[in-house]
Participant: 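Below you will find the structure I want to go over with you.
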Amino acid sequence: MLFFAPALLALANFVVAQDNNSTSNGTASATDIGLVQANFNNAQLVPGLLQKFNPEGVLDVSFSGSQIEIGQKLAQSDVSTAPSLAILPAAGASDISTNNRYTVIMIDADIVGTNALNTPLTRHWLVNGAGLSDSTPHQVTFDQATTITDYAGPGPAEGSGAHRYTILIYNQPSSFQAPANLSTAGTPLGTMLLNNYVQESGLGNVVAANYFQVENGQATVSVPATSTVNPSAINGVTSTAAVSQTSAPSQTQSGSQRPSGSGASAAASSTGAAKPNRELGWGVTVGAVGVVGAVLGAGMGF
């Protein structure tokens, strides 16, 4: 069986090269997309906030020129002004186009364990009709957009734990119709039921998303920890994400309308966030070599 080794190693190297070259060619690789999905699952944003999440690109978020890592913990002072956004599309992304319009939402998904599907969540940013620049990664542009709620920096209550601030880019079809209570520019910060808004307005799919965490002071009660995403477990050929088992969420108060940062107290989440770009090549290489090793081992009777 050893005569298969050169061919298998060549195939593994080809798969890795194809996946890693996607980013350098101006598109997000399957591994990039899979890592975003894995982090959203790991942070319980799926299905806690989004019932389904199949992004077509990677959303880069930069505050004051500094790009953040997905799930990164940041100080309130670091995120006090609106970030710049850019989308790196996957090859063949049908809903990411300079001809399309998009709705940008930043929402406080609260702490891990919050029933975000049925809880009014604080709306920190809402823009309809955003566009994309021509070059990739596509900068999200707002020159022809309607800003319903101006960006308002996070302000979680002291001791309430690490809040998950999630930025979502929705495809906005021509049939989109904003609900009456969220159709006027200058609507102040408030709460919203995200899924009700999406359904009532006729928004399309989430094409790209990112999130970061902000915590104010020492948390007063504990929140179940979520295990970290292992980048080497991400399949470089498909966008299926592999994550470790997460512990069951604890019960939290939900359903009451509240300003930013108030609500159930919880301890800091130890949600792990894998770093997207710098570790991808190694993770995929490990996976590919592992497959080759398994095949060779089987052939040699190991």
Participant: How many angstroms lie between CD in Gln72 and CD in Gln213, if you round to the nearest 0.5 Å?
Facilitator: 10.0 Å
Participant: Which class fits the ring pair Tyr151 and Trp125: parallel under 30°, tilted 30 to 60°, perpendicular over 60°?
Facilitator: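 Because their plane-to-plane angle is over 60°, the rings of Tyr151 and Trp125 count as perpendicular.
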Participant: Quick check against the 3.5 Å criterion: does His138 have a side-chain atom that pairs as donor or acceptor with the backbone of Ser133?
Facilitator: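 Checked: pair present.
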Participant: Can you list, pair by pair, the side-chain donor-acceptor contacts under 3.5 Å of residues 178-188, counting residues two or more places apart and other chains?
Facilitator:
from, atom 1, to, atom 2, distance (Å)
Ser183, OG, Ala180, O, 2.9
Thr187, OG1, Thr184, O, 2.6

Participant: Just by distance, do the side chain of Asn42 and the backbone of Ala38 share a donor-acceptor pair under 3.5 Å?
Facilitator: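 Side chain of Asn42 to backbone of Ala38: no pair is present.
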Participant: State yes or no: do Phe63 and Ile87 share one hydrophobic cluster built from I, L, V, M, F, W and Y residues joined by side-chain heavy-atom distances below 4.5 Å, directly or via other members?
Facilitator: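 As far as the 4.5 Å side-chain criterion goes, Ile87 and Phe63 are connected within one cluster.
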Participant: Once the angle between the rings of Phe212 and Tyr165 is folded into 0 to 90°, is it parallel (under 30°), tilted (30 to 60°) or perpendicular (over 60°)?
Facilitator: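 The rings of Phe212 and Tyr165 lie parallel, inter-plane angle below 30°.
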Participant: Calculate, to the nearest 0.5 Å, the distance between atoms CD1 and CD belonging to Ile169 and Gln172 respectively.
Facilitator: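 CD of Gln172 is found 11.5 Å from CD1 of Ile169.
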Participant: Rounded to the nearest 0.5 Å, how far apart are CG of Asn210 and OG1 of Thr166?
Facilitator: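 That separation rounds to 9.0 Å.
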Participant: I'd like to know if the side chain of Thr146 pairs up with that of Asn128 as donor and acceptor (distance under 3.5 Å, no hydrogens or angles considered).
Facilitator: no
Participant: Determine the minimum heavy-atom distance between Pro120 and Leu193, stating which atoms define it.
Facilitator: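 Smallest interatomic distance, heavy atoms only, reads N-CD2, 3.6 Å.
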Participant: Is there side-chain contact between Val104 and Val140, with heavy atoms separated by less than 4.5 Å?
Facilitator: yes
Participant: Between Asp108 and His124, is the side chain to side chain contact (heavy atoms under 4.5 Å, CB included) condition met? List the steps.
Facilitator: CA-CA 7 Å; Asp108 177 6; His124 284 263; 3.9 Å; yes
Participant: For the pair Leu85 and Leu59, evaluate side chain to side chain contact (heavy atoms under 4.5 Å, CB included) and give the outcome as yes or no after the intermediate values.
Facilitator: CA-CA 7 Å; Leu85 309 175; Leu59 178 62; 4.0 Å; yes
Participant: Under the side chain to side chain donor-acceptor pair (under 3.5 Å) criterion, do Asp150 and Thr147 qualify, and how do the steps go?
Facilitator: CA-CA 6 Å; Asp150 290 321; Thr147 300; 4.7 Å; no
Participant: Just verifying a value: how many Å separate Arg164 CZ and Ile111 CD1, rounded to the nearest 0.5 Å?
Facilitator: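 That separation rounds to 8.0 Å.
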Participant: Where the side chain of Thr114 meets the backbone of Asp110, is there a donor-acceptor pair that is under 3.5 Å apart?
Facilitator: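 Flag not set: sc Thr114 to bb Asp110 has no pair under 3.5 Å.
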Participant: Is the backbone of Asn216 close enough, under 3.5 Å, to the side chain of Glu158 for a donor and an acceptor to pair up by distance?
Facilitator: no
Participant: State the CE-OG1 distance between Met106 and Thr122, to the nearest 0.5 angstrom.
Facilitator: 10.0 Å
Participant: Hydrogens and angles aside, do Ser160 and His163 bring a side-chain donor and acceptor to less than 3.5 Å of each other?
Facilitator: yes
Participant: Looking only at heavy atoms, which two atoms of Pro47 and Leu117 are closest? And how far apart?
Facilitator: O-CD1, 3.5 Å
Participant: Which atom pair, heavy atoms only, marks the closest approach of Ala209 to Phe40?
Facilitator: CB-CZ, 3.6 Å
Participant: Check step by step if side chain to side chain donor-acceptor pair (under 3.5 Å) holds for Ser62 and Gln67.
Facilitator: CA-CA 4 Å; Ser62 297; Gln67 185 173 324; 4.6 Å; no
